[in-house]
K.L.:
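Take a look at this one; I'll ask things after.
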Amino acid sequence: MTLALDRRTANLDALESEAIHIFREVAGEFDRPVILFSGGKDSTVLLHLALKAFWPAPVPFALLHVDTGHNFPEVIDFRDRVVGKHGLRLLVAHVQDWIDDGRLTERPDGTRNPLQTVPLLDTIAENKFDAVFGGGRRDEERARAKERIFSLRNAFGQWEPKRQRPELWNLYNGRHRPGEHVRVFPLSNWTELDVWNYIAREKIELPDIYYAHEREVYLRDGMWLAEGPWGGPRDGETLERRTIRYRTVGDGSCTGAVDSDARTIEDVIAEVAASRLTERGATRADDRLSEAAMEDRKREGYF
Amino acid sequence: MSDLLRLATAGSVDDGKSTLVGRLLYDTKSVLADQLDAVHRASADRGLATPDLSLLVDGLRSEREQGITIDVAYRYFATPKRSFVLADTPGHVQYTRNTVTGASTAQLGVLLVDARKGVIEQTRRHAAVLALLGVPRLVLAVNKIDLVGYDEANFKLTAKEFTTHANALGYADSDVLTIPVSALVGDNVVERSANTPWYTGPTLLEHLETVPVEPDPHHVPFRFPVQYVIRPRTPEYPDYRGYAGQVAAGTITPGQEIVVLPSGGRSVVQRIDTPDGELAEATAGQSVTLVLSHDLDVSRGDLISAADAAPAVVDEFDATLCWLADKALRAGARVLVKHGTKTTQAFVTDLVTRFDEQRLSSVELPDLLQLNDIGQVRIRTAEPLPVDDYTVNRRTGAFLVIDASDGTTLAAGLVGAPLPVRDAVNPGP
Ligand SMILES: Nc1nc2c(ncn2[C@@H]2O[C@H](COP(=O)(O)OP(=O)(O)OP(=O)(O)O)[C@@H](O)[C@H]2O)c(=O)[nH]1
Ligand SMILES: [Mg+2]
């Protein structure tokens, strides 16, 4: 279907152009922007777009990763390799440090995903970051579908969904008062499939775990979880070797893998196009908690 | 035919906008299983016998609690014919600013009315907003047709009343399509309905797939707001100096003569750079970097324009505002204006008229513009701005009015007077 293919390319050009425009607006209007970079696919695409936006000059922002300590080692290796390759500056906020000095306490269920919010907000405040780029997309989740591209956070880092500013044409308003900051989402209008098509077109390297591989996993809440520093199978759960891949990459305790034979980017695109589940529905325990799990976390200051 | 259509819903509260969007997504099989499960569960929790499809888009807690839409939801879906960006906007008058947000980038407005109520005040307000913003085409979906027994006469009456109103706002008959639908049942949304044999026009989806889309303005002269100056100062690029931006209108090729505004410096485009190589041409919507032949003083906020068709550079101009803030605007207000990539201090020196969107007439010299009012004003800026008329170029004719103290966006600003005013109408009692 060449028609569908042409349309895909035309859409990607428009999405790329929009994202580059957003990066340059932030560079022009803010004093201390930072890019949230985890090594996951969305943040890797984000960084790729930032490199393009300022080429041939270097990216004029630092990167920030909130490391739960429960990340996949392959992803951390990849993160550090990318940072080195482009000569970027990476700040890492370790959730463990917050736990060690008592500012945070480990949750009974062992998941550290919700624990990221405090280190994130503390690091933003400490470094006086005024614009924080995230890889969030509106197609991920219903509450995200409501968020502006420039999303104001109050002095407590909170999103106030009922008080969002109008966002008119492509004239972004980045004004904020001291202590407030703006979250910026250049991938707002991208879908999961757009991201994968773009990764294919631009030949962007990703951590291997996005592609099918064999791994020891166990079943919990209908998701394949891997063993790791975050824990392993409990009573009645058994490890088995399966061919899987990750559709999203986050905290190991709550990011599930999917059964998959998609070993190449083309396979992945075909799989995503045919999938009957959203990426979060398929892989994120944290979003299954309640109808408003994402909104509640965002209100507190989450990504 | 263009492959992407951006559309926004509009219409009064509870007319069925979110349900229609949900129905469109559902009937085009654009809803994934886990999203649908969530809607089934939530509907059952609320004691509903059938799933409430508006829950697919009403994604905020308070929206679900109150059963209304508060802010715009953006959804993306595709059929074999086209891709769609869908903005579902709120109908409640209190949240008109969010409706304006969704409509500001739309190429088609889908305005709903409740068949039992017909065209009401909020329908006229939203039609005026869509016309003001220059949304080129409208669909009037006469919804809840199931509740009036699929009555043809009822539909015809509403359709006629609306079309007359749209004509007065400047829409030609060919720019407006009226469709009888039931978002709840699905009549004429994706599937043609057996309940309306008297309706022979397209279903909503058929229309969305075929309606002409206005191209980005290629025929207008080149406009390029400078976002950022790229100066690597690296060993590889010691002297590189490029102007980064997104083409707002027209086309540029290397060798073309340009003028930098407001300074008036002239030069020639030497190269159009992108990380993927030089371009032979750049057109509206493309993000590129321009390298000029001469050493000029160019910085963020400047506009690079075709030399032979430059816009007027003014520090006083007439504009139309759609006022979006709770606190009213009075003559003499000190504000910020963001136009293109330039933000400057400004005074709203005069309130010239307030538009009565119900009668499509204007009220001279109003004391104030209040929340949701549309009015013509005169603006004086601290720094001169290169402006185009909004009706000629949406991108360089648009600006934001911002509160200098707290940064709030106060109004959507449009250079000139985009709305036709029926001055012949008597002001009435
Ligand atoms: N009978 C009938 N009911 C409908 C139809 N469309 C929507 N409704 C009902 O009308 C009510 C309001 O629907 P919504 O879709 O939330 O309305 P809305 O226009 O999005 O409302 P706001 O976004 O708050 O302005 C709900 O109870 C729907 O089930 C229809 O075609 N027929
Ligand atoms: Mg609604």
Side-chain angles (χ1 to χ4, degrees), chain A residues 1 3-4 6-7 10-11 13-14 16-21 24-25 27-29 51-58 138-139 141-146 148 152 161-162 164-171 173-177 180 188-191 194 275-278 280-282 291-292 295-296, chain B residues 3-4 32-35 38 42 56-62 64 70-76 80 82-83 85 97-98 100-101 104-105 227-228 230-234 236-237 240 244-246 274-275 285-287 289 300 324 336 338-341 394-395 398-400 402 406-409 412:
Chain A
M1 273 190 33
L3 184 108
D6 290 349
R7 178 167 76 197
N11 272 356
D13 287 340
E16 178 188 69
S17 205
E18 178 185 67
I20 288 177
H21 175 251
R24 290 166 169 177
E25 279 304 282
E29 293 212 334
L51 288 161
K52 283 191 129 179
F54 303 102
W55 179 91
R138 286 168 174 161
D139 87 319
E141 208 276 336
R142 283 190 299 185
R144 282 220 201 270
K146 296 270 163 182
R148 300 283 190 260
L152 187 69
K162 277 180 105 160
Q164 297 200 95
R165 284 178 182 163
E167 191 158 85
L168 306 161
W169 302 287
N170 65 348
L171 290 173
N173 176 2
R175 295 253 150 191
H176 56 281
R177 287 177 287 193
E180 297 176 338
S188 285
N189 292 322
W190 298 50
T191 64
D194 292 328
S275 173
R276 295 307 303 150
L277 293 177
T278 64
R280 289 202 159 256
E291 255 200 290
E295 178 181 344
D296 292 346
Chain B
D3 298 324
L4 180 74
L32 298 179
D34 53 315
Q35 298 172 321
L56 284 169
V57 275
D58 285 339
L60 298 175
R61 184 192 285 283
S62 23
R64 291 192 296 273
I70 291 171
D71 212 329
V72 198
Y74 293 92
R75 295 293 305 239
Y76 311 85
R82 246 186 199 166
S83 301
V85 178
R97 58 173 150 265
N98 300 332
V100 177
T101 293
S104 68
T105 51
Q227 287 189 275
Y228 195 75
I230 298 196
R231 299 208 58 190
R233 294 193 185 92
T234 54
E236 209 184 332
Y237 297 96
Y240 186 96
Q246 189 175 34
T274 78
Q286 278 183 289
S287 286
T289 301
R300 176 175 167 85
L324 304 173
L336 295 173
K338 180 172 182 180
H339 171 258
T341 53
R394 241 166 147 177
R395 286 286 296 276
F399 61 93
L400 303 182
I402 296 171
D406 66 5
T408 316
T409 301

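Convention: sequence-line order gives letters A, B, ...; per-chain numbering from 1.
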K.L.:
For A:Thr191 and A:Asp194, which I'm curious about, is there any donor-acceptor pair between the side chains at under 3.5 Å?
P.N.:
yes
K.L.:
Would you give the length of the straight line joining atom CG of A:Leu152 to atom CD of A:Glu167, rounded to the nearest 0.5 angstrom?
P.N.:
11.5 Å
K.L.:
What heavy-atom pair brings B:Thr409 and A:Arg165 nearest, and what distance separates the two atoms?
P.N.:
OG1-CD, 4.1 Å
K.L.:
Please check: side-chain N/O of B:Arg64 versus main-chain N/O of B:Ala42, any donor-acceptor pairing under 3.5 Å?
P.N.:
no
K.L.:
Which pair of non-hydrogen atoms, one from B:Leu324 and one from B:Ala412, has the smallest distance, and what is that distance?
P.N.:
CD1-N, 3.9 Å
K.L.:
Given heavy-atom pairs under 4.5 angstrom as the criterion, report whether the side chain, backbone, both or neither of B:Gln35 touches chain A.
P.N.:
side chain
K.L.:
Give, as side chain, backbone, both or neither, the part of B:Leu60 having an atom under 4.5 angstrom from any heavy atom of chain A.
P.N.:
both
K.L.:
Sort A:His176 into side chain, backbone, both or neither according to what part of it lies under 4.5 angstrom from a heavy atom of chain B.
P.N.:
neither
K.L.:
Under 4.5 Å from any heavy atom of chain B, what part of A:Arg276 do you find: side chain, backbone, both or neither?
P.N.:
both
K.L.:
When only pairs under 4.5 Å are counted, which of B:Tyr240, B:Tyr76, B:Tyr237, B:Phe399 shares the most heavy-atom pairs with chain A?
P.N.:
B:Tyr76
K.L.:
For B:Val100, is it the side chain, the backbone, both or neither that has a heavy atom under 4.5 Å from a heavy atom of chain A?
P.N.:
both
K.L.:
With a 4.5 angstrom heavy-atom cut-off, which part of B:Leu400 approaches chain A: side chain, backbone, both or neither?
P.N.:
both
K.L.:
With a 4.5 angstrom heavy-atom cut-off, is it the side chain or the backbone of B:Leu336 that approaches chain A, or both, or neither?
P.N.:
side chain
K.L.:
Non-hydrogen atoms of chain B under 4.5 Å away: do they reach the side chain of A:Glu295, the backbone, both or neither?
P.N.:
side chain
K.L.:
Between A:Ala53 and chain B, which part of the residue has a heavy atom less than 4.5 Å away: side chain, backbone, both or neither?
P.N.:
backbone
K.L.:
Picking from A:Arg142, A:Arg138, A:Arg144, A:Arg148, what satisfies salt bridge (Lys or Arg N to Asp or Glu O under 4.0 Å) with B:Asp71?
P.N.:
A:Arg148
K.L.:
Return the option, out of B:Thr234, B:Asp406, B:Thr289, with the maximum number of heavy-atom pairs under 4.5 Å with chain A.
P.N.:
B:Asp406
K.L.:
Please find the pair of heavy atoms, one from B:Gly285 and one from A:Ser17, that lie closest to each other, and give the distance.
P.N.:
O-OG, 2.6 Å
K.L.:
Looking at A:Glu25, A:Gln164, A:Arg177, which has the largest count of heavy-atom pairs under 4.5 Å with chain B?
P.N.:
A:Glu25
K.L.:
Given heavy-atom pairs under 4.5 angstrom as the criterion, report whether the side chain, backbone, both or neither of B:Arg300 touches chain A.
P.N.:
side chain
K.L.:
Using a 4.5 Å cut-off on heavy atoms from C-beta on, say whether the side chain of A:Asn170 contacts that of A:Glu18.
P.N.:
no
K.L.:
Atom OG1 in B:Thr341, atom NE2 in A:His21: separation rounded to 0.5 Å?
P.N.:
8.0 Å
